[in-house]
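Below is one structure, written out as structure tokens, with a few remarks after it.
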Amino acid sequence: WKRDIDYQPPSGGLDIGVCASASPLQSSGTVDLRETGDDASYAEGWRRLAGTNDGPFVALELVEENGEPRKGFWAVTGNRFAYAVGRPEKDASSRVQDCVGMSLPTAIGSILGKDKTNTNNLVLAWSYSAVAGTITESDKWTIDHSINPNLVGCDIIQGKRSANACSYLRAADSDDIIDQVLMDDHNTKNIVRRWRIVEKSEGFELPLQGTK
């Protein structure tokens, strides 16, 4: 595996895993997979959900944030989504990736030095965003898990019936590009993340709210 973004500093070792099916493929499309580290350092169990083998799905890659390059990935399959945005490339937090072999707290302490405070620690740690959640039958994209616990229970984007959303989507300059506008409660400048649609199943539509 090649890690384009990561919450933790790199370990310095190779990330090699082996996947194998741990159960027969079911008629519903469900199958259990077992992923094991080549060095036996980890083992994970994965399950493909029933009815999701043919979609709907969409995969997006982050192009930029407010005009500056930034890496991120967003995947939706069935009624589940996973969303991760790496640290800003021109921010001090990007130096986490230079702290090879360190734990995240040690890396943060090394980067902040005398400026280390609880607030600065959280700002640097949460400069990386990772959430996962569920799309409900009422079209709410609700965050179930997050590095930042304050986001759990919020809706990542504004659906048809969402009143507690962190952002909304709008059309951009081409059919394969969308803008995600992160709404700010303090009425300062909104953050606009531009995503490119890498792959999308036929008939899948993202809930666009605004205009270009």
Side-chain angles (χ1 to χ4, degrees), residues 1-62 69-89 91-113 116 118 121-135 142-152 156 195-196 198-199 201:
W1 300 93
K2 179 181 179 294
R3 300 192 181 191
D4 290 321
I5 57 174
D6 202 339
Y7 180 59
Q8 301 283 353
S11 67
L14 296 177
D15 187 0
I16 302 174
V18 178
C19 288
S21 99
S23 68
L25 177 65
Q26 305 296 312
S27 59
S28 62
T30 296
V31 65
D32 289 333
L33 296 175
R34 189 73 172 172
E35 180 186 345
T36 306
D38 190 55
D39 59 356
S41 62
Y42 74 91
E44 298 172 354
W46 293 85
R47 172 169 293 170
R48 184 167 68 185
L49 299 177
T52 62
N53 50 313
D54 293 322
F57 64 84
V58 63
L60 305 100
E61 183 174 4
L62 186 61
R70 193 168 182 181
K71 292 182 179 180
F73 303 93
W74 192 353
V76 183
T77 179
N79 68 339
R80 304 294 179 93
F81 65 85
Y83 172 108
V85 174
R87 294 184 170 85
E89 295 182 16
D91 189 86
S93 64
S94 65
R95 290 164 53 197
V96 168
Q97 298 309 305
D98 298 328
C99 300
V100 178
M102 294 185 186
S103 67
L104 183 59
T106 301
I108 290 175
S110 173
I111 293 167
L112 293 177
K116 183 178 179 182
N118 287 338
N121 288 353
L122 290 175
V123 168
L124 198 151
W126 290 349
S127 63
Y128 183 101
S129 177
V131 304
T134 305
I135 305 170
T142 304
I143 296 172
D144 300 322
H145 310 280
S146 174
I147 288 173
N148 181 347
N150 295 326
L151 296 178
V152 174
I156 190 170
W195 295 86
R196 180 174 63 88
V198 178
E199 190 174 359
S201 62

- Message: Using the rule given for side chain to side chain contact (heavy atoms under 4.5 Å, CB included), can you reason through L62 versus W74, listing the C-alpha separation, both sets of side-chain angles and the distance that settles it, and then say yes or no?
- Response: CA-CA 8 Å; L62 186 61; W74 192 353; over 6 Å; no

- Task: Under the side chain to side chain contact (heavy atoms under 4.5 Å, CB included) rule, what do T134 and T142 come out as? Steps first, then yes or no, please.
- Result: CA-CA 5 Å; T134 305; T142 304; 5.6 Å; no

- Could you check V131 against F81 for side chain to side chain contact (heavy atoms under 4.5 Å, CB included), going step by step and ending with a plain yes or no? CA-CA 8 Å; V131 304; F81 65 85; 4.3 Å; yes

- Item | Criterion side chain to side chain contact (heavy atoms under 4.5 Å, CB included) on V85 and I5, from CA distance to verdict | CA-CA 8 Å; V85 174; I5 57 174; 5.9 Å; no

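We find the CG-CG distance between D39 and L14 to be 9.0 Å, quoted to the nearest 0.5 Å. Considering CD of Q8 and CE of M102, their distance stands at 13.0 Å, rounded to 0.5 Å. The line from CG of D144 to CG of L151 is 12.0 Å long, rounded to the nearest 0.5 Å. Atom CD of E35 and atom CD of E44 lie 4.5 Å apart (nearest 0.5 Å).
Put simply, the side chain of T106 does not reach to within 4.5 Å of the side chain of C99, judged on heavy atoms. Two residues are said to be in side-chain contact when any heavy atoms from C-beta on lie closer than 4.5 Å; P9 and V100 fail this criterion.
No option in C19, S21, S23 other than S21 meets the side chain to side chain contact (heavy atoms under 4.5 Å, CB included) test with L33.
Side-chain contact, S127 with R87: a donor N or O sits under 3.5 Å from an acceptor N or O. Judged by distance alone, the side chains of S146 and N148 never bring a donor and an acceptor atom under 3.5 Å apart.
Residues S201 and P56 approach most closely at OG-CA, 3.3 Å, considering heavy atoms. The shortest heavy-atom contact between S94 and P88 is CB-O, 3.3 Å. A pairwise comparison of heavy atoms in P149 and W126 identifies CD-CZ2, 3.8 Å as the closest pair. The shortest heavy-atom contact between I147 and Y128 is CD1-CD2, 3.6 Å. The two residues L49 and T30 make their nearest non-hydrogen contact at C-OG1, 3.9 Å.
Remark: K2 engages D4 in a salt bridge, criterion side-chain N to carboxylate O under 4.0 Å.
Put simply, the side chain of R70 never gets that close to the backbone of E89: no donor and acceptor are under 3.5 Å apart. Between the side chain of R48 and the backbone N or O of G29, at least one donor-acceptor pair lies under 3.5 Å.
Evaluation of the ring-ring contact (aromatic ring centres under 6.0 Å, His included) rule for F57 yields no partner, not counting sequence neighbours.
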